[in-house]
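In what follows, every chain begins at residue 1, and chains take the letters A, B, ... in the order their sequences are listed.
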2 protein chains.
Amino acid sequence: MMSSMSNKIEMYLKVMLDRASNGVIEVQRSELADIFDCVPSQINYVLGTRFTPAHGYKVESRRGGGGFLRIIRLNFEPDTDFQHLFEEIIGEELSQNQGEGLIERLFQEGVLTKREKLILKQICSMSFFNRLGLEDQEFLRAKIIQAALATVMREDL
Amino acid sequence: MMSSMSNKIEMYLKVMLDRASNGVIEVQRSELADIFDCVPSQINYVLGTRFTPAHGYKVESRRGGGGFLRIIRLNFEPDTDFQHLFEEIIGEELSQNQGEGLIERLFQEGVLTKREKLILKQICSMSFFNRLGLEDQEFLRAKIIQAALATVMREDL
DNA sequence: GATAATAAGGTCAGTAATGGTCAGGGGTGA
DNA sequence: TCACCCCTGACCATTACTGACCTTATTATC
């Protein structure tokens, strides 16, 4: 059930982003918290767990009077970002949440098919990972996505 | 002889699955335990003994607030090659050669696309594996192929 | 200008709400 | 007796939510 408050807030923001022509929206944290009847810091929780760079979003903000949150959907330029992603983001370590976010994003961008997305998500969430230390888990996730990307990037397919 | 509680829970879930249009249901463990007046862990027992890939089902879950169990029916009949395949590789360990052979076979049988085959081979030959002991390596390979196979057989794809 | 008041948003530790695991007890039939 | 289910409960792991306290920007006042 996708019905936790965090999920609702996430969907609400994504609908707003879809409606915005340029993939950028600005909202006020306190106003959003009012709409969903939650504490303001819950908004930060949602942003921190669902709108990270790995998920394909960037968040900017400003405090004080006239403050705001600006959520930017990063657009994916296949020719440049693909290579960039492969080399830089994925060389690091990925939490499960970030890994799934990245896989989902690659699907949204048409890089992976739905089946491939589900296979990779499944592999990245295998219980086997629990045997490993946290660092190894995150490294392995990164390597798995990297391996998949390396294959998908091949030109002879 | 009275049907055991596990049998009742099993039937209940299978009726729900029949009613669901796409062979997928989501339930809450604690809610189900409440309905049958049993401890929550009994639900895990039922899932672990009756809803495995070898039985033609796959279970995904999420912990924490808003958590759930998702039961997915797989798209193959009992007593077919696929069932035997699952039984074969469950709990087994696969050398790199065996792993690649199995992946190749699944491709030949039309279960995996060419891209999926290459992705899985790439993953199974990652250098990361060298950090692990031989036993872990082989176990991980088996788990990866199981995960991919179970995913690809989902009814809702 | 300098300063105080006001109006945002940020952080983090703690609590609540889920599901997972495992060792063990209790039947039941061969 | 022994093997095999079924069932339980204590303890663990993960995700969601809250509130107290902190930082920064703008605006009003002197």
Side-chain angles (χ1 to χ4, degrees), chain A residues 1-13 25-52 54-55 58-72 94-101 121 124-134 137-138 141, chain B residues 1-13 25-52 55 58-72 91 143:
Chain A
M1 317 281 187
M2 298 291 278
S3 55
S4 72
M5 188 152 63
S6 288
N7 284 332
K8 287 178 189 164
I9 296 170
E10 174 189 7
M11 288 187 280
Y12 179 85
L13 292 172
I25 58 174
E26 280 182 14
V27 296
Q28 295 214 250
R29 188 180 76 150
S30 56
E31 190 182 311
L32 201 52
D34 259 8
I35 293 174
F36 287 94
D37 195 26
C38 64
V39 295
S41 57
Q42 171 124 21
I43 307 304
N44 297 84
Y45 175 75
V46 173
L47 296 177
T49 53
R50 291 145 161 93
F51 291 87
T52 70
H55 289 87
K58 181 161 176 262
V59 178
E60 297 173 351
S61 67
R62 210 157 109 210
R63 309 187 192 194
F68 58 85
L69 298 170
R70 178 183 298 139
I71 305 175
I72 305 165
L94 288 175
S95 73
Q96 175 145 6
N97 179 286
Q98 288 174 321
E100 295 200 357
K121 276 192 182 178
C124 283
S125 67
M126 287 190 305
S127 60
F128 175 89
F129 278 63
N130 294 140
R131 301 187 181 195
L132 278 47
L134 191 60
Q137 288 183 33
E138 304 207 334
R141 254 181 229 113
Chain B
M1 150 175 159
M2 299 294 280
S3 199
S4 70
M5 183 177 301
S6 288
N7 283 334
K8 288 178 189 163
I9 296 171
E10 175 188 7
M11 291 308 149
Y12 179 86
L13 291 172
I25 57 173
E26 282 182 11
V27 296
Q28 297 214 243
R29 188 180 77 151
S30 56
E31 192 182 309
L32 202 51
D34 262 4
I35 293 174
F36 287 94
D37 195 26
C38 63
V39 294
S41 58
Q42 171 122 22
I43 308 303
N44 297 84
Y45 175 75
V46 173
L47 296 177
T49 53
R50 293 151 162 88
F51 291 87
T52 68
H55 288 102
K58 184 168 176 300
V59 178
E60 298 175 352
S61 69
R62 189 174 180 128
R63 306 188 193 189
F68 59 84
L69 298 170
R70 177 183 299 139
I71 305 175
I72 304 162
K143 284 294 173 201

Can you pull out the residues from residues 43-51 of chain A that lie within a 4.0 Å heavy-atom distance of DNA chain D? A:Tyr45, A:Arg50

On a heavy-atom basis, which atom in B:Gln42 and which in B:Ser6 lie closest, and how many Å separate them? NE2-OG, 2.9 Å

Find the distance A:Asn97:CG to D:dT14:C1' and express it as a whole number of Å. 12 Å

Please report the shortest heavy-atom distance between A:Ser125 and A:Gln96, naming the atom on each side. CB-NE2, 3.0 Å

Rounded to whole angstroms, how far apart are CZ on A:Phe129 and P on D:dA13? 18 Å

Interatomic distance where CE belongs to A:Met5 and C1' belongs to C:dT18 [whole Å]: 16 Å

Under 6.0 Å from the CG atom of B:Asp37, do we count more than 12 heavy atoms belonging to anything else shown? no

For B:Val27, the option from B:Ile35, B:Leu32, B:Ile43 that meets side-chain contact (heavy atoms from CB on, under 4.5 Å): B:Leu32

CD of B:Glu26 versus P of C:dG19: gap in Å, rounded? 11 Å

Here the pair of heavy atoms bringing A:Phe36 nearest to A:Met5 is O-SD, 3.4 Å

Value in whole Å for how far the P atom of C:dT18 lies from CG of B:Leu32: 14 Å

When rounded to whole Å, the CZ to P distance for the pair A:Arg131 and C:dG20 reads 19 Å

If you compare all heavy atoms of B:Asn44 against all heavy atoms of B:Arg29, which two are closest, and at what distance to 0.1 Å? OD1-NH1, 2.7 Å

Does the side-chain hydrogen bond (donor to acceptor under 3.5 Å, both in side chains) test come out yes or no for A:Asn130 and A:Ser127, once each step is laid out? CA-CA 6 Å; A:Asn130 294 140; A:Ser127 60; 5.5 Å; no

Please report, rounded to the nearest Å, how far the P atom of D:dA13 is from the CD atom of A:Gln137. 12 Å

How long is the line joining CD of A:Glu31 and P of C:dA7, in whole Å? 15 Å

Closest non-hydrogen atom pair, A:Ser95 against A:Arg141: C-NH1, 3.5 Å

Ignoring backbone atoms, establish whether A:Ser127 has a side-chain N or O less than 4.0 Å from OP1 or OP2 of C:dG20. no

Donor-acceptor pair, B:Glu60 side chain versus B:Arg70 backbone, under 3.5 Å? no

Have a look at A:Ser30 and say if it touches a base, only the backbone sugar-phosphate, or nothing, with a 4.0 Å heavy-atom cut-off. sugar-phosphate

Footprint string (nucleotides 19-30 of chain D, 5' to 3'): B base within contact, S backbone only, - free, heavy atoms under 4.0 Å: B---BBBS----

